[in-house]
Structures are given as C-alpha cells and as structure tokens.
There are 2 protein chains.
Amino acid sequence: MVTIQEVAKRAGVSVATVSRVINNRSKVKEKTRNRVEQAIDELNYEPSVLGRNLRNSESRLLLVLIPSISNPFYTEIINGIEDTSIKEGYNILLCETDSNPKREAIYFNLVRNRMADGIILMDPTINRKNVLELATNHPIVQCSEFDKEGNISYVSIDNELAAYQAVKHLIKIGKKRIAFINSDEKFLYARERRAGYEKAFREFNIAVEKKRIYNINQLNFESGQQAMRTLLNQEEKPDAVFAVSDVLAIGALKEIHANGLKVPDDIAIIGFDKISFSNMTHPTLTTVSQPMYRMGCISASMLINKIKGEEVESMLLEHELVIREST
Amino acid sequence: MVTIQEVAKRAGVSVATVSRVINNRSKVKEKTRNRVEQAIDELNYEPSVLGRNLRNSESRLLLVLIPSISNPFYTEIINGIEDTSIKEGYNILLCETDSNPKREAIYFNLVRNRMADGIILMDPTINRKNVLELATNHPIVQCSEFDKEGNISYVSIDNELAAYQAVKHLIKIGKKRIAFINSDEKFLYARERRAGYEKAFREFNIAVEKKRIYNINQLNFESGQQAMRTLLNQEEKPDAVFAVSDVLAIGALKEIHANGLKVPDDIAIIGFDKISFSNMTHPTLTTVSQPMYRMGCISASMLINKIKGEEVESMLLEHELVIREST
DNA sequence: GTGAAAGCGCTAACAA
DNA sequence: TTGTTAGCGCTTTCAC
C-alpha cells in the first residue's frame, strides 16, 4: 500500500502538505499543489481511511439495521438513504439483524468503537434498554418503526390514520365482515394499525370481532396464506381482508383463489406498502403507499445532522391509499 | 470511549498485558488475567476496531457488491455469505452498486486502503480492467456472475446446461415456438443461457428464430411485461416462453393474462431463480432453482481462505428444474 | 510473565 | 505557505 509519506517524498514536500492538498483545508501554493497531485497520480495513492478515522475519530460510515433484506418494503427506503448519504460523503453499511439480539449487538459495537458514525434503525425495538443506552452516547435515528416513549428521533407515517382510511374504504364499498391480518402487536405499527381498524369500526357502529383478527409472526407469503386459510375455515367467512403488509396480502390472495373465491366480489383485499409485486398480482392489489424513498432520504439527513451535533426533529410523513382492482 | 489505557490503569498493569488478555496470544498469569478481565467488565471496554485494524492492517470486514438489493435472487445468497462470515469472525458490508462504475470505485477503494479485507463480487463485470487490476493485489471472489477469461476464482452454476434443460422440457411437452426473454448479452450468464437455448433447438432440429429472442436491459416486472407485449404482437405468437429470471417471467405472465390467454395451454412459461414469489403466482411458475444459500456460503469461505493466503479453486454447483403449473 | 516503547497512516496545532 | 511533531488506540518486539 502506498502511504502519505511516499507521496511526500516523491513530491519533495512534508506529509502535512500532502494532507493539506488532499483535504484542501488551508492554502497551498498552486505550484506545490500541482507537484503533490502529480505524485498522487503517479503513485496511485489512496488515503487510508483507517489512519484518517483513527485520527479524526470518525468513519463516515452509517449503519442501516434492517430485520431482513428479503422484505421488499425496505428496498426503496434504502435507496433514499443511500442517495442522500453518498451526496453528503457518507457510505452505508447494510446490516441484516434477523431480529437477532446477538447480531444487533455486533453492529452496535461497531458504533461504540467508532467504526461507524451512527445508526439508522429500522428494526422494531428488540432490546429497548440497549437501544436507549446506545442512543445516549451515539447518533441514532429510527425509521418507520420507532419507540414512542423513548426520545430517539424518528421518521415514520401515521399508521393509525392509514389503517383507519383503508378499513373505511372497505366499509364504503359495502363490506361488513372485514378481517384483519396483523403482525405481532409487540410492534408499534401493528398496535397503531389495529387502533385505526377499530376506530373505523366504531365510527360505523360495527362490532369488532376478535375471531376476525389474526396475528402472524413472520412477514412472508406463507404466513399470509396460513392466516387466510384459518379465516376461511370460520363458519361466517369474511367479505374483506385488510393485511398489514402486501406480502401477507399476496399470500392471502393466493389462498382465496385456491378456494375458488373471487376478488373483490366475494372477498375484497387491501395490503400495505405498495411493493412492486403488488401491481403484478391478479387482480392488482389495493394498498397503502408510504413515501419510502423520502423516508430514507430524511432519515439519512437527520442522522447526518445529528452526527454534526445539530438538533433534529422527528417527523410523520404523508401516506396514500392506492385503490386498484382488489377492492 | 474507554480505551485500553484506562483498562490498564484500572487493572494496574501495562497496556501490553491488556492486549495479551484480549487476544490471548502469549501467556498471562491467571491472577493478572482475572484482574484485567474484571477491569474490562467494569469499564465496559470494547477494543477499538480502528486502532486494531490500523496496527494489523486488517479489518475483518468483507464487502459484498450487488447491483441491486431489490432483486430477490440475491437474498438467499447473502444469507449464506452472512452466516459463514459471522462464523469465521468477519462482518459483511452490503454494497449496492446500481451497476454504476462510480459507486463501484468507492467500494473498491475501501479495499485498497484496508478498510475491508476482500470482496465478493456479484456484479456483472462493469469495468473489466479495474476488477482485474484490483484482483492482482486484493482478495476477490466472484459469485454467480464471473469472468471466464480472467483468473479470478468464482462460484456459479452451469448456466448453459440449465437453460438447455429448461428449453428441452418445453419441447418435450409439445411446444414448438419457444420465445426467449434474455438479459443484455454483455452478461456471461445471458450468453451461456442463450447457448443452452440454441443447443436444445439444434438437438430437436428446430430452427432458432431471431424474432423470438428478446433482450431486456432492466431486470424488473415491467421489462417482462414489455417483452411479452412485443412477442405477442408478432403474427405467429409463441406457444412458450423461457425467461432468464423469475421477475421477468412474472411480468410476462401478467401480460399473457391481460391478453386473455391461458397458461400453460396457450403459452407455457419458465422462469429462473425460484424466488419465493414464483410460488405465489397463478399458475405457479416452473423455474430453475440455484443453490443460492450454498453459493453464498462457499463464496464466503473461499474469500476468507484467500484472505488467509490459501489457494482456492473455482466451483460450479448443481441446479434443478422445478416443474410447476406454468408448464 | 510483564513492561516500555515503537510504529501502523493520518491530521492539526504550533513553529518557522 | 510550509515543515515538525504529537498523538488517535492498538499490537508486538525487545528487555528485563
């Protein structure tokens, strides 16, 4: 590896001057600068991030923690994070935690010992104490899922309102027995969306029936199928389904078809997230779209501002009900 | 941040001894070790990766370059890489390149200045010269897509054979006008799969018709739809389609349905990769499954061996034709 | 078995 | 405008 010393020697200057040229902080004479730049070119020199970081105790690396990269919901968010970070001179490290506290700990430690400058957390809080403790000393931003009580900044949407509007839409098109496929309610978004679901029911004087609410514990197609299978086995079948995620909705759709039922006539269905698959199903899926790309951009710039020591404010962004063929 | 000095002071020993305890390289007296460990516990000390790396010039970080995280094909591979790396004490950095040479350059530089120890490349070769040059000085392994001429180690499958078998299957079920939705043939896998497609045709004395081969340049649903639309507009419609990726096949499927045609009776269809969504379509998609998880595991351990200075050998793994409803 | 000290590559304070 | 030098946190030789 070629170091700053070798460049300095070749250019006939001190290492300080080379450093100045690289970082152009203070003035360097045009002629000297040229000589240094030539030496850099000739030697193909790349400053060692390691040396620089150790000295500056910053790494210009951001950690992005997601439970699973296989969930397409995160894709657009990550694009937003990536674009913003790169623009600001940061790189991102995508970390898949599988909601595993051990893996999370590994990544948290990278921040503790300055291997990374901050974290964007998209993981639902696994170990509240750990997160809050880390947040007291290190820049953290929560994206999408967050902790209402803790005072860590976040970017998200109004999940209760979104769910309320989705269910209201189902009621408006004449559905009465609206089932709800929800995630584990340890997640904030799950609790909030359930609140929205119930709010719509109350507003139209429909009783909330426990048996129509099904909580899954894995966000994949199979869980959606499984949930729908159970719901269809009930004596009084639902005439609509609100699923907390497109992935679940698509699984449910598959199961409805397998039972020879028609969507939306027999059963209408709404998903959540507007993943790209949701437009490929037959019929296309009504869903709630979140401004994922923007969420990504905002959480990245929030984090970067935090790293710079600025105060930042949490935000709730707009969502949109996208009505397609399944309702 | 608590440093090794503070631990040393608290334990009443030198920093060297603390280092010895942490890395247990040379012998430390039981009693001393206990005192040091206690100090580490009390202070909640975490060794700085930065300091250690600078000294050892290693980072225990592996870069994984993928064109796009939104392609589900990579998900399982990454799981394999991750599991293996963590077992071996390495962390991975997922890097999305968008096939953008500039981004690629950023990540390559991380390796050049020892911020990362090696790279698993899943990106189709963008800039051959750069990759080959990097490979002369740094550990690189190619996964899935590789460079046949260069001598960089790789893990992949026999794409020609897989395509040959898929097309042969279509011929065997009585299809004659088999279209081929392929990627840009700058990619090795695209060229190889085309070779397999043509080989099957030759074997059954069917003429390869140029008009039935459609090259897309983006691996997404819309491209599949677009390709199918074009193919369906031809005077003599195809009676089968072999798509180089499930994502394309699903887009094509959507378009076939939109034209009121039946799958597989009017048009049979085969995809590639066995992504989880391929089992959610109606009808379910016949596809070629690759041992993605294993590919990930193997490429990770190959890279780690390379980092350790061992010789490694390239491998081609087994694939499997998964016959489902669409054929 | 343990400690002192050099040095990994870099930046920034201070001097010149 | 440029050079000298300390020091970021760590590991490892060399002495003891």
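These values consider heavy atoms only, across backbone and side chains, with no hydrogens, waters or symmetry-generated copies. No experiment lies behind these values; they were computed from the predicted model shown. In the text below, chain A, chain B and the rest are named by the order of the sequence lines, each starting its count at 1.
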| field | Nearest-angstrom distance from the residue atom NZ of A:K31 to C1' of D:dT2 | value | 15 Å
| query | What's the CD1-P distance between A:I22 and C:dG9, to the nearest Å? | reply | 14 Å
| message | I need the CD-C1' distance between B:Q5 and C:dA5, as an integer number of Å. | response | 12 Å
| task | Please indicate whether A:K9 has more than 12 foreign heavy atoms, meaning atoms of other residues, nucleotides or ligands, lying under 6.0 Å from its NZ. | result | no
| Does atom CD of B:E42 have more than 12 heavy-atom neighbours from other groups under 6.0 Å away? | yes
| At under 4.0 Å, does any side-chain N or O of A:N53 touch on OP1 or OP2 of C:dC10? | no
| said: Strictly below 4.0 Å: does B:R52 bring a side-chain N or O up to OP1 or OP2 of D:dT11? | reply: yes
| said: Under a 3.5 Å threshold, yes or no: a donor from one side chain and an acceptor from the other, between B:Y189 and B:S183? | reply: yes
| Looking just at side-chain N and O atoms, do A:E133 and A:N130 make a donor-acceptor pair shorter than 3.5 Å? | no
| said: Measuring from the side chain of A:I4 (C-beta onward, heavy atoms only), which nucleotide among C:dT11, C:dG3, D:dT2 has the closest atom? | reply: C:dT11
| Does a side-chain N or O from A:S48 land closer than 4.0 Å to OP1 or OP2 of C:dG9, or not? | no
| Closest nucleotide of DNA chain D for B:R25 versus for B:L50: which of these residues is on the 5' side? | B:L50
| note | Looking only at D:dT2, C:dG3, D:dC10, the nucleotide nearest the B:S14 side chain is C:dG3
| Are B:T32 and C:dT2 close enough that a side-chain N or O sits under 4.0 Å from OP1 or OP2? | yes
| task | Would you tell me if any nitrogen or oxygen in the side chain of A:T17 comes within less than 4.0 Å of OP1 or OP2 on D:dG3? | result | yes
| side-chain N/O B:N23 vs D:dT11 OP1/OP2, d < 4.0 Å | yes
| said: Just N and O in the side chain of A:R55: are any of them under 4.0 Å from OP1 or OP2 of C:dG9? | reply: no
| query | Would you say the base of C:dG1 and the side-chain of B:R33 have a donor-acceptor pair closer than 3.5 Å? | reply | no
| query | Looking at A:T3, does any N or O in its side chain come under 4.0 Å of the phosphate oxygens OP1/OP2 on C:dG9? | reply | no
| message | Check the phosphate of C:dT11 against A:S19, side-chain N and O only, distance under 4.0 Å to OP1 or OP2. Yes or no? | response | yes
